[in-house]
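Proteins come first, then strands; the chains are lettered A, B, ... in the order of their sequence lines, and each starts at number 1. Side chains included, hydrogens not; waters and symmetry mates left out as well; all remaining heavy atoms used.
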Number of protein chains: 2
Amino acid sequence: MVARSSRVTIHDVAKAAGVSVSTVSKALNDTGRMASETREKIKSIAADVGFRPNALARSLLFNRSFTVGLLTNDTYGRFTLPLMSGISEALVDHGVSVFLCAIEDDPALAKVHVDAMLDKQVDGIIATGKRVDRSLPVDLAGLPVPVVYAFTEGVPGSVILTADDSDGARLAVERLRKVGRKRIVHVTGPDSFVSAVERADAFRQAVGRDALVMHGAWTEAWGHEAVAMLWGEDKETPDGIFCGNDQIARGVVDALRERGVRVPEDVSIIGFDNWEIFADQTRPALTTVDMNLKELGRTAGLTILDLAEGRAVEAGLRKLPCKLVVRQSCGGDREI
Amino acid sequence: MVARSSRVTIHDVAKAAGVSVSTVSKALNDTGRMASETREKIKSIAADVGFRPNALARSLLFNRSFTVGLLTNDTYGRFTLPLMSGISEALVDHGVSVFLCAIEDDPALAKVHVDAMLDKQVDGIIATGKRVDRSLPVDLAGLPVPVVYAFTEGVPGSVILTADDSDGARLAVERLRKVGRKRIVHVTGPDSFVSAVERADAFRQAVGRDALVMHGAWTEAWGHEAVAMLWGEDKETPDGIFCGNDQIARGVVDALRERGVRVPEDVSIIGFDNWEIFADQTRPALTTVDMNLKELGRTAGLTILDLAEGRAVEAGLRKLPCKLVVRQSCGGDREI
DNA sequence: AAATGATGAGAAAACGTTTTCTCACGTTGA
DNA sequence: TCAACGTGAGAAAACGTTTTCTCATCATTT
């Protein structure tokens, strides 16, 4: 019943070299006692026949599969892909591969995927999602493998990695100040998102208690609308706008252009996310806050590795700093 | 040296049931001869202790790992994610998990990933990329596992799946005709992309030999530029524009609005890709051609499964049909 | 009552590794 | 010359399954 493998095994190498499999194993792993000429001969023969050890067999023996699972409900991949990229980059050097499981807010599907991963003896699971304050529709507590939550809500006592929204907001305000802006407002997403609230709080702290924060949708349309409101009243108009994401920022920039307001000469705009497809294509290109998701992924990967290999990791929420990506929409990109 | 697993094995079940492991195995797999009460008792005990067979051990035995690798150099994920979603959806029912490997046009990294997957005994590899007419920077020929190329160039004699660009173009023209458009032009990407050329050819075939095709970049800016050219001369302006992707379409729509040309009343616009983030956010929302990438992924997944299980699959290029997603930019969305 | 057959369940081998243990052989020292 | 020791290499067990083979036991038939 068992299918025959066409792959070359350690037995083939042993036969070709006229030694036992144990000797081959020791030769290739540089362990055991052995005449160095024997070792070299075996190594060369192994290379000749193209031997590569079957990872499944090693996994079975070591109880380490050198795989981790990435569980996400961010079907669009806006946040998952950069994270994935960082995880993969950090782990490939350690011979670890990543199972990507897209569960579309479907608890049953999530369970199927988690079970499949556990059956395949993943060394750990990284959970991620599309918002920081919502958990995946599956309970990952009490699993026989370590779990790291990245950019999604985790159970108490777990390791949770996320971007520092407050830091991002501070970075933006700091920059707007540096280019001489005085009347700064914040146009952002719904206040039902903790990210939006955290950024807004940090924004107020940086700008002043009565700073104007406008909550709306995460859309271009809301950017247009906000500009209409701000420029519609006969109050003093802002000279700096910090937007909650790049889509809103694009809406704001477009709306200002339509009104004949120049960006960045008259008003400086800063976005959030550094979603290149928006930030780069907006005219002028957006200066925006980057959440360093790839770095977050790298950290998540190394953390799950630490846990898998039994090293202690401090539990709790850990916030990683953001960075400002300077393009043209804020101005001052030359003189600073 | 070998770490102790905390997981419950078939031996634990055997001990708990007071029978041998072979009996447990046969009981759970509904094979062998056995008193049905024994079988049921074992099943219930196995469920009680939460036994799940170690997939690694089974893989070793069956020489089937129930994993496949998805290799991509589309770091942004525009095409990879829908594909991945389809693959995963098709395979999860068969207990197959997917390794996602992002190789960023780096041959060395690609080789590392491919080797890691082969070591882990993947049942097959699906290769994908960001263009149909470029191959990945790694040679997948002669691998000991089946390979399917999806949305990327494959070696001759291999199985290659791709979207039918001609079909997409025909669909668009057909629709423009149906809403009464007579003067239709095609604004698309560089003619160094075979996709662009195939669509352009099909467009010409549908509209007429001397139909106007404008090649440029795949950007919004090119959409603006093309409109400036079309409306700048004192020739008759088009009443229908079929765009090579949604970004160009968005540029065209925006440029027309700025000129006071109404979409879809005066001009009908159709995009390509159905990239929701563009198609949905454009005002009016874009009617656009969808390449059915998820379906493509599903097909790729089932194909690699066929190959892995030794079923014959016809080699060669297979083009899957597109579909038109109707929103507002083309008009006629109510009466048809 | 003895031979046959059916039934139930366990022993062992296999998958491809790694590691521990054992052993044969040759060299050294007294 | 013989014991002690070092060296090189193989045998066997282990990881967790599945499957084939073997063997009791019991019921049925002659």
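- On a pure distance criterion of 3.5 Å, a polar donor-acceptor pair joins the side chain of S22(A) and the base of dA11(D).
- Remark: T38(A) is in phosphate contact with dA9(D), judged by side-chain N or O atoms under 4.0 Å from OP1 or OP2.
- Across the protein-nucleic acid pair, I10(A) atom CD1 and dA12(D) atom C1' stand 15 Å apart, rounded to whole Å.
- Counting to the nearest Å, the C1' atom of dT19(D) and the CG atom of L28(B) are 15 Å from each other.
- Using a 4.0 Å cut-off between charged nitrogen and carboxylate oxygen, K294(B) and E89(B) count as a salt-bridge pair.
- The distance from atom CD1 of I42(B) to atom C1' of dG10(C) is 12 Å, rounded to the nearest whole Å.
- When rounded to the nearest whole Å, the span between CD of E37(B) and P of dG8(C) equals 9 Å.
- Following rounding to the nearest Å, H11(B) (NE2) and dT18(D) (C1') show an atom-to-atom distance of 12 Å.
- Contact annotation for R39(A): no contact, since no heavy-atom pair falls under 4.0 Å across all strands.
- Proximity note for L61(B) (side chain, C-beta onward) versus dT18(D), dG16(D), dT18(C): the nearest is dT18(D).
- Taking the side chain of F62(B) as heavy atoms from C-beta on, and the options dC15(D), dT18(D), dT17(C), the nearest nucleotide is dT18(D).
- Between K26(A) and R33(A), the residue anchored nearer the 5' end of DNA chain C, judged by the nucleotide with its closest heavy atom, is K26(A).
- Using a 4.0 Å cut-off between charged nitrogen and carboxylate oxygen, K43(A) and D30(A) count as a salt-bridge pair.
- Between F99(B) and F99(A), the ring planes lie parallel to each other; the angle is under 30°, not in the 30° to 60° tilted range.
- Contact annotation: T23(A) reaches the phosphate of dG10(D) (side-chain N/O to OP1 or OP2, under 4.0 Å).
- By the 4.0 Å N-to-carboxylate-O rule, K130(A) lies too far from D74(A) to be salt-bridged with it.
- Of the side-chain N and O atoms in N54(A), none sit less than 4.0 angstrom from OP1 or OP2 of dC15(C).
- Of the side-chain N and O atoms in R58(B), none sit less than 4.0 angstrom from OP1 or OP2 of dG16(D).
- Side-chain polar atoms of S97(A) and K120(B) form a donor-acceptor pair below 3.5 angstrom.
- As a whole-Å value, the separation of R52(A) CZ from dT17(C) P is 12 Å.
- Atoms CG (L56(A)) and C1' (dT18(C)) sit 15 Å apart, rounded to a whole Å.
- Distance K15(B) NZ to dG16(D) C1': 13 Å, rounded to the nearest Å.
- Of the candidate nucleotides dG10(C), dA9(D), dT17(D), dA9(D) has the atom nearest to the side chain of M34(A).
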